[in-house]
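Data first, discussion second: the structure below is written as structure tokens.
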Amino acid sequence: MTDTKIRVRFAPSPTGTLHVGGARTALFNWLFARKFNGAFILRIEDTDQTRYDKNAEIAMIKDLKWMGLQWDEGPDIGGEVGPYRQSKRLDIYKKYALELIKKGMAYYCFCTSERLDEMRIKQKAEKLAQGYDGLCRNLTPEETDKRLQAGERYVIRLKTPLEGSTCFSDYIRGEISYQNKELDDLILFKSNGFPSYHLANVVDDHLMGITHVMRGDEWIPSTPKHKVLYDSFGWEPPVFMHLPVILAAGGGKLSKRKGAVSVTEYKEMGILPNTLINFLSLLGWNPGDDTELMDRETLIQKFSLDRVNPKSCAFDEKKLEWMNGQYFSSSATETLLPDVKKTFQEASLPVESFDDAYLTLVIDVIKERAKNLSDFVERGSYFYADPDSYDKKAVKKHFKDGAKQLLEQVLSVINSTEDYTEESLEKAFQELANTLGYENAAKIIHPTRLAISGVSFGPGLYQLLVLLNKETVIRRLEKGIHYLESKV
RNA sequence: GGAGUGUUCGUCUAGUGGUUAGGACGCUGGCCUCUCACGCCGGUAACAGGGGUUCAACUCCCCUACACUCUACCA
């Protein structure tokens, strides 16, 4: 398997957003290519002109790049066996389709879609096997010529053996065999002058020297037909490997109702690219030991086709978030800064009134507590704006009788703390606790935290006091005292 | 309807004839602690069902059930 250079491709049809299932397929191809120093190729399969969406293609490429799955050959960067966009290879497909006709392995079919529809309805009603009935398969050359001359619309179909069976080997599932009578005659060339997916795909994989085809398992039923196609051309088929589908958390199809489906959505939620790569890699593959947190290099090093399993799996967002939390805490703050800044702006926080150095400190204390970007807003908004309300439950617990007096004392302690550092503040709070006869400073800390942040959770109080700076703390304490006055 | 693929804790998975069926997320008890989060220690929970093969089956074979996919001039 490694004596010839590995060449794999990701061949999306740009008709919508990049689905996590597609992303996983791309990832496995990429990992495999990187592992063996092979080539990872991006090929745009835009043979369906009616469903093609330029914006979808742009978005898809953006998502792939965001994940860091860079290709070695593709429509944007070229390569030796291009073009890498099927709509630019139309004459190639035509040539090969004609070649098959000449060899007698394909034929012109003049059946109209109306006739095909009727045929299917009848087949269904009579509970017969579905599929093209082969009406045009036995047209005489004379008849065919006559109708061609007359300008009738036609498609080109592959002549599939009527008897026997066709089998192929799937790398992760073993031998898969189909009875030829189950296989109907594939359309190779459509009447609009475009090739079908099947023809374009097989011709391109061959011409581009693809050694391993890794794709979604919805392709399993067409693979025997592709095998017939390869045989008809006299070409050696690549190694096939069909990856299982990704299901929604509760089972069933992944759909918008059951959570996010596209890479873009996860990006917007604040999932880090490395998290998504790592998480997706573990869906249908594992390194064989218990390692779960792996960076790109480790993934490449450990990846192996032999450990890919054929079972479909569910996308567990809870675990994704856990993993993202792990990545947040281990990420360098400066890599997080642009995204957090943007998120804060979108939440209408006045990030511009403060400098990046401040934001850096804020991210530092939040990143180890956050699982996605919205956590940064939830846990960080008070760094930018004085709280305009206090958490109700926390008020009940920490703004009890005497809280006002307590805050006044805290205020005076803060005011008189010359050396405004965590150490001195801790010492000062400790002393206040002693004076008041408390066992520890907890009874002072909680009301203070609530007054300056509006919530009952967050970083260590002394850290918070310093980060917010003395002036802000004093202002918020006074505000808290006013609040308690008006409350009584 | 037909064909194909799949089936180990709720979820992701390890396991390739003999294991107290292991790990991770989740949930949960506790520790740590000024709170939250982290971390640490513990708990919870699985071989779809039925037949074989075998001294022995989660592992091999068959059947059933269930899930998913395909059955387009879509990919």
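Note that the structure is a prediction, hence the values are computed from the model and not measured. Sequence lines set the chain letters: A, B, ... in the order given, protein chains first and strands last, and positions in each chain run from 1.
Using a 4.0 Å heavy-atom criterion, one finds that A:Q130 contacts the bases of the nucleic acid, with or without backbone contacts as well. Residue A:T448 is classed as having no contact, given no heavy-atom separation below 4.0 Å to the nucleic acid. Nucleic acid contact for A:G284: sugar-phosphate only, since backbone atoms but no base atoms lie under 4.0 Å from a heavy atom of the residue. Here A:C111 lies in heavy-atom contact (under 4.0 Å) with a base. Residue contacts for A:A314: at a heavy-atom cut-off of 4.0 Å it reaches the sugar-phosphate backbone alone, with no base atom in range.
Phosphate contact (OP1/OP2 of B:U8, side-chain N/O of A:K311, threshold under 4.0 Å): present. Close to B:U5, at under 4.0 Å from its OP1 or OP2, lies no side-chain N or O of A:S312. OP1 or OP2 of B:C73 has at least one side-chain nitrogen or oxygen of A:R120 nearer than 4.0 Å. The phosphate of B:G15 (OP1 or OP2) has a side-chain N or O of A:R307 nearer than 4.0 angstrom.
With rounding to whole Å, A:I246 atom CD1 is found 18 Å from B:G6 atom P. Nucleotide B:C73 holds its P atom 15 Å from the CD atom of A:Q49, rounded to whole Å. If you measure from atom CG of A:N180 to atom C1' of B:G2, you get 16 Å, rounded to the nearest angstrom. Rounded to whole Å, the distance from CD on A:E218 to P on B:C74 is 17 Å. To the nearest angstrom, P of B:U7 lies 12 Å from CG of A:D217. With rounding to whole Å, A:K127 atom NZ is found 14 Å from B:A3 atom P. Atom pair A:F315:CZ and B:G26:P shows a separation of 15 Å (rounding to whole Å applied).
Using a distance-only test at 3.5 Å, with no hydrogens or angles considered, a donor-acceptor pair links the side chain of A:Y420 to the main chain of A:L465. Looking at A:N274, its side chain never comes within 3.5 Å of a backbone N or O of A:Y327 through a donor-acceptor pair. No donor-acceptor distance shorter than 3.5 angstrom exists from the side chain of A:R85 to the backbone of A:D46, with no hydrogens or angles considered.
Listed by first and then second residue, the ring-ring contact (aromatic ring centres under 6.0 Å, His included) pairs involving residues 436-459 of chain A are A:H398-A:H446 (not counting sequence neighbours).
In this structure, A:R173 fails the cation-pi test against A:Y171, since its NZ or CZ atom is not both closer than 6.0 Å to the six-membered ring centre and inside 45 degrees of the ring normal. Judged by the 6.0 Å and 45° rule, A:R157 forms a cation-pi pair with A:Y132.
RNA chain B is contacted by both A:R157 and A:I172; A:I172 maps to the nucleotide lying nearer its 5′ end (nearest heavy atom per residue). Nearer to the 5' terminus of RNA chain B, by closest-nucleotide assignment, is the contact made by A:P310 (compared with the other of A:P310 and A:S113).
Comment: A:K225 engages A:D184 in a salt bridge, judged by a side-chain N to carboxylate O separation of less than 4.0 angstrom. Residues A:E99 and A:K95 are not paired through a salt bridge, judged by the lack of any N-O separation under 4.0 Å between the basic side chain and the carboxylate. Under a 4.0 Å N-O distance rule, the pair A:D289/A:K302 qualifies as a salt bridge. Using a 4.0 Å cut-off between charged side-chain N and carboxylate O, A:K227 and A:D231 make a salt bridge.
For the pair A:D117/A:E114, no side-chain contact is recorded, criterion being any heavy-atom separation below 4.5 Å from C-beta on.
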Polar atom pairs between nucleotides 34-38 of chain B and protein, under 3.5 Å, N or O only, would you list them?
residue	atom	partner	partner atom	Å
B:C34	O2'	A:H446	ND1	3.4
B:C34	O2'	A:H446	NE2	2.6
B:C34	O2	A:R449	NH2	3.1
B:C34	N3	A:L461	N	3.2
B:U35	O2'	A:S456	O	2.7
B:U35	O2	A:G458	N	2.8
B:U35	O2	A:G458	O	3.2
B:U35	N3	A:R449	NH2	3.3
B:U35	N3	A:G458	O	2.5
B:U35	O4	A:G458	O	3.4
B:U35	O4	A:G460	N	3.3
B:C36	O2'	A:R379	NH1	3.3
B:C36	O2'	A:R379	NH2	2.9
B:C36	O2	A:R369	NE	2.7
B:C36	O2	A:R379	NH2	2.9
B:C36	N3	A:R369	NE	3.2
B:C36	N3	A:R369	NH2	3.3
B:A37	O2'	A:E368	O	3.2

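Here the separation of B:C38 from B:A45, taken at their P atoms, is 24 Å to the nearest Å. Separation of the C1' atoms belonging to B:U71 and B:C12 is 32 Å when rounded to the nearest angstrom. Nucleotides B:U11 and B:A46 have their P atoms positioned 12 Å apart, rounded to a whole Å. Distance check on atom P: B:C60 versus B:U16 gives 11 Å, rounded to whole Å. B:G18 and B:A56 are spaced 14 Å apart, taking the P atom of each and rounding to whole Å. Here the separation of B:C61 from B:G2, taken at their P atoms, is 24 Å to the nearest Å. On the C1' atoms, B:A21 is 11 Å away from B:C9, given to the nearest whole Å. B:C74 and B:C63 have their P atoms separated by 37 Å, given to the nearest Å.
Shown here is A:K443, whose NZ atom has no more than 12 heavy atoms of other residues, nucleotides or ligands within 6.0 Å. Sparse packing is recorded around NZ of A:K397, with 12 or fewer heavy atoms of other residues, nucleotides or ligands lying under 6.0 Å away.
Taking a pair to require two hydrogen-bonding distances under 3.5 Å in either a Watson-Crick or a G-U wobble arrangement, B:G10 pairs with B:C25. Partner assigned to B:C68 is B:G4, using Watson-Crick or G-U wobble distances below 3.5 angstrom. Taking a pair to require two hydrogen-bonding distances under 3.5 Å in either a Watson-Crick or a G-U wobble arrangement, B:G39 pairs with B:C31.
Considering only side-chain atoms of A:S13, the nucleotide from B:A75, B:C12, B:U5 that sits closest is B:A75. If you check B:U5, B:C74, B:C25 against the side chain of A:I176, the one that comes closest is B:U5. With B:G23, B:A3, B:A75 as the candidates, the nucleotide lying closest to the side chain of A:Y178 is B:A3.
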Nucleotides 40-45 of chain B: protein proximity per nucleotide (B base, S sugar-phosphate only, - neither; heavy atom, under 4.0 Å)
------
Please tabulate, for side-chain N and O atoms in residues 311-326 of chain A, each donor-acceptor pair with protein atoms closer than 3.5 Å (sequence neighbours left out).
residue	atom	partner	partner atom	Å
A:D316	OD1	A:K318	N	3.1
A:E317	OE2	A:A260	N	3.3
A:E317	OE2	A:Y266	OH	2.9
A:K319	NZ	A:E292	OE2	3.1
A:N324	OD1	A:L272	N	3.0
A:N324	OD1	A:T275	OG1	2.6
A:N324	ND2	A:G270	O	3.0
A:N324	ND2	A:K371	O	2.8

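Looking at residues two or more places apart in sequence or on another chain, you find a side chain to side chain contact (heavy atoms under 4.5 Å, CB included) between A:R449 and A:S453, A:L461, A:L464.
Residues of residues 182-195 of chain A having a heavy atom closer than 4.0 Å to RNA chain B, listed by number: A:E182, A:I187, A:K190, A:S191.
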